[in-house]
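Working notes for the structure below.
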Amino acid sequence: DKNELREATVRDIATFGALYFFGDYVAKGVGSLIKKVKNIDLMNYKTEGPKKDTMLSKFKYWVTDTKLKSFDEVAKMPGAESKNLKNLRSACEISSLGFSMLLLGILVPWYVRKQTDKNEKAKAKLKIQEYNTYPYISHNNIHSKKAFQAFGMLEQGVK
């Protein structure tokens with residue numbers, strides 16, 4: 001079925017993207033938010049900050065040159081004796097999984113159903129239009145003109 005193939009393709013692409021790319025960016029975003037709000041740095045940086053101070057260069061730096069610290073790295077941080085740092089790192093991981101579940105469990109099925117319904121309505125509308133069209137009856141190819149005139153399908157004055 002054409003709809004089934006399209007649904008499977010959308011679902012597979014979204015699954016791959018959500019689990020391997022977007023979920024990690026959500027976790028990294030939560031880690032950056034924790035740094036701004038609580039001043040606890042859960043990020044590893046490959047290089048110094050961005051060379052330019054533009055929004056695009058900052059975003060590129062954040063995407064390419066920053067990584068979220070692992071649970072082992074968080075355990076070695078100063079003040080890691082308290083469970084607070086591990087809990088904050090866990091919040092990053094839960095946000096990644098939560099985003100993936102939201103995307104795969106709610107948003108993708110909703111989108112696929114919406115697109116399938118839209119296609120099915122268009123097909124149904126096309127079929128209705130096919131059935132609502134009336135054939136053209138020419139007075140030259142009718143053998144029994146009186147029968148067609150009786151039902152109003154042919155003008156009365158045609159011989």
Side-chain angles (χ1 to χ4, degrees), residues 1-138 152-153:
D1 183 18
K2 187 178 178 182
N3 284 329
E4 196 172 320
L5 179 63
R6 184 178 45 77
E7 289 174 11
T9 302
V10 168
R11 185 181 59 240
D12 292 346
I13 290 170
T15 301
F16 181 78
L19 293 178
Y20 293 107
F21 296 116
F22 301 127
D24 289 342
Y25 289 124
V26 169
K28 196 189 299 189
V30 171
S32 297
L33 184 67
I34 288 171
K35 181 181 178 184
K36 285 187 179 191
V37 172
K38 296 197 174 214
N39 205 23
I40 298 173
D41 195 6
L42 297 175
M43 307 298 284
N44 284 331
Y45 306 97
K46 288 183 183 178
T47 62
E48 294 293 320
K51 292 171 181 47
K52 297 178 185 173
D53 201 25
T54 64
M55 190 71 138
L56 183 63
S57 64
K58 287 180 182 180
F59 180 74
K60 184 179 175 189
Y61 171 75
W62 182 80
V63 168
T64 57
D65 294 335
T66 62
K67 301 244 184 252
L68 199 58
K69 289 183 180 179
S70 68
F71 282 97
D72 291 336
E73 290 174 319
V74 169
K76 294 175 185 174
M77 287 174 60
E81 302 81 36
S82 70
K83 290 187 177 184
N84 188 33
L85 291 177
K86 287 183 183 179
N87 288 343
L88 291 174
R89 177 58 177 91
S90 296
C92 296
E93 199 65 31
I94 289 171
S95 67
S96 170
L97 295 172
F99 172 77
S100 296
M101 287 175 19
L102 173 74
L103 185 70
L104 299 175
I106 296 173
L107 296 178
V108 169
W110 170 79
Y111 174 76
V112 169
R113 263 184 267 131
K114 183 179 169 188
Q115 291 301 316
T116 300
D117 289 346
K118 183 180 173 182
N119 290 343
E120 292 299 319
K121 283 180 183 178
K123 285 180 188 176
K125 193 174 187 180
L126 200 76
K127 281 194 176 216
I128 288 172
Q129 287 176 350
E130 286 176 13
Y131 289 118
N132 285 341
T133 58
Y134 297 104
Y136 174 71
I137 300 173
S138 168
M153 297 178 76

Side chain to side chain donor-acceptor pair (under 3.5 Å) contacts touching residues 106-115 (sequence neighbours left out):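 Matches after skipping sequence neighbours: none remain.
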How long is the span from the [atom1] atom in [X] to the [atom2] atom in [Y], to the nearest 0.5 Å?
X	Y	atom1	atom2	answer
L33	S95	CG	OG	9.5 Å
K38	L85	NZ	CG	10.0 Å
I34	N39	CD1	CG	12.0 Å
I13	T9	CD1	OG1	6.0 Å

M43 vs L68, side-chain contact (heavy atoms from CB on, under 4.5 Å): CA-CA, chis, key distance, verdict: CA-CA 5 Å; M43 307 298 284; L68 199 58; 3.6 Å; yes
Would you name the heavy atoms of [X] and [Y] that are closest together and state the gap between them?
X	Y	value
C92	L42	SG-CD1, 4.1 Å
R89	F71	CG-CE2, 3.5 Å
E73	N44	OE1-ND2, 2.9 Å

Tell me the salt bridge (Lys or Arg N to Asp or Glu O under 4.0 Å) pairs involving residues 54-70, sequence neighbours left out?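 For residues 54-70, and leaving out neighbouring residues, the salt bridge (Lys or Arg N to Asp or Glu O under 4.0 Å) pairs sorted by first residue read D53-K58.
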Give the table of side-chain donor-acceptor pairs shorter than 3.5 Å for residues 21-31, with sequence neighbours excluded, one pair per line with atom names and distance.
unit_1: K28; atom_1: NZ; unit_2: W62; atom_2: O; d: 3.0
unit_1: K28; atom_1: NZ; unit_2: V63; atom_2: O; d: 3.1
unit_1: K28; atom_1: NZ; unit_2: T66; atom_2: O; d: 2.9

